[in-house]
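Here is the structure we will look at.
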Amino acid sequence: MNFLRKFFGGKKKEKKKPLSELDLLQKCRSTEQFLIARREILDKNIKKELATIKANIKINRQVALNALKRKKIYENQLSQIDEILLTVIRQNMLALTYVTTQTQFL
């Protein structure tokens with residue numbers, strides 16, 4: 001496949017230049033803000049599903065069971081987001097220490 005691409009003059013993929021330290025910090029901050037907003041939305045959804053469960057537990061068990069399943073899915077997503085958020089915070093801290101050490105040596 002690579003031979004055919006070279007022979008017929010296919011497009012070459014352009015390599016992306018690596019992000020600068022300040023761009024990396026900005027990207028980490030924006031990702032962190034997005035994850036925090038997503039976590040708040042999931043918290044609201046969990047509370048809404050809890051209210052649905054409490055309202056329908058005696059009247060309509062099927063609706064309550066479906067709400068319980070959705071609540072469990074939201075909780076799993078919330079735990080995944082928390083893990084990702086911790087990773088992003090660590091990366092942000094590492095990038096910050098890298099930038100400070102670079103500025104100290106200059």
Side-chain angles (χ1 to χ4, degrees):
M1 200 67 177
N2 196 12
F3 170 74
L4 292 174
R5 189 171 291 158
K6 285 182 181 178
F7 185 73
F8 290 111
K11 292 183 180 179
K12 295 182 181 179
K13 295 181 181 179
E14 295 181 19
K15 293 183 179 179
K16 293 182 180 179
K17 62 179 183 176
L19 295 175
S20 69
E21 292 83 16
L22 296 177
D23 292 337
L24 184 64
L25 282 173
Q26 183 63 30
K27 188 174 181 179
C28 283
R29 287 185 188 133
S30 65
T31 305
E32 186 178 349
Q33 290 172 354
F34 169 74
L35 289 172
I36 290 171
R38 180 71 180 140
R39 189 168 69 178
E40 290 173 359
I41 291 170
L42 285 173
D43 283 335
K44 289 178 186 177
N45 288 343
I46 289 172
K47 288 177 184 175
K48 186 175 80 172
E49 296 301 331
L50 274 174
T52 304
I53 292 169
K54 288 179 183 179
N56 293 311
I57 193 126
K58 292 182 180 179
I59 301 168
N60 194 350
R61 284 193 178 256
Q62 190 62 40
V63 172
L65 284 174
N66 288 338
L68 186 65
K69 288 177 186 176
R70 287 190 301 270
K71 180 185 158 283
K72 186 164 182 144
I73 290 170
Y74 292 147
E75 287 173 345
N76 287 339
Q77 289 177 356
L78 189 63
S79 67
Q80 289 174 350
I81 285 177
D82 286 338
E83 291 172 6
I84 294 170
L85 190 59
L86 285 175
T87 304
V88 168
I89 290 172
R90 283 188 201 130
Q91 287 177 348
N92 196 4
M93 290 174 55
L94 288 173
L96 245 163
T97 56
Y98 178 74
V99 168
T100 56
T101 56
Q102 288 296 324
T103 55
Q104 286 175 355
F105 286 120
L106 294 176

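Small disclaimer: the values here were computed from a predicted structure and weren't measured.
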Distance col, row M93:CE vs I89:CD1, nearest 0.5 angstrom, shows 9.0 Å

In this structure, CG of L65 is separated from CZ of R70 (nearest 0.5 Å) by 10.5 Å

Minimal heavy-atom distance between I57 and R61, with the atoms involved, is O-CG, 3.6 Å

Q. What about I36 and I81, same hydrophobic cluster or not, with Ile/Leu/Val/Met/Phe/Trp/Tyr joined at side-chain heavy-atom distances under 4.5 Å?
A. yes

Residues at least two apart in sequence or cross-chain that pass side-chain contact (heavy atoms from CB on, under 4.5 Å) with A64, listed by chain then number, are N56

Hydrophobic clusters here meaning ILVMFWY residues chained together by side-chain heavy-atom distances under 4.5 Å, can you tell me if L85 and F34 are in one? yes

Taking every heavy atom of I84 against every heavy atom of L35, the minimum-distance pair comes out as CG2-CD1, 3.5 Å

Nearest heavy-atom approach of V63 to T52 is CG1-CG2, 4.2 Å

Next item on the list: Salt-bridge test for E40 and K44: reply yes if a basic N is under 4.0 Å from a carboxylate O, no otherwise.
Entry: no

Rounding to 0.5 Å, atoms CG (D43) and CD (E75) come to a distance of 10.0 Å

L25 and L96 have their tightest heavy-atom pair at CD2-N, 3.8 Å

When rounded to the nearest 0.5 Å, the distance separating CG of N92 from CD of Q26 is 10.0 Å

Those residues at least two apart in sequence (or on a different chain) that pass side-chain contact (heavy atoms from CB on, under 4.5 Å) with I73 are Q77

- request: Answer whether the closest heavy-atom distance between the side chains of L78 and R39 falls below 4.5 Å.
  value: yes

d(E83 CD, Q80 CD) to nearest 0.5 Å is 7.0 Å

Check your understanding: Going only through I, L, V, M, F, W and Y residues with side-chain contacts under 4.5 Å, is there a path from L68 to L42?
Key -> no

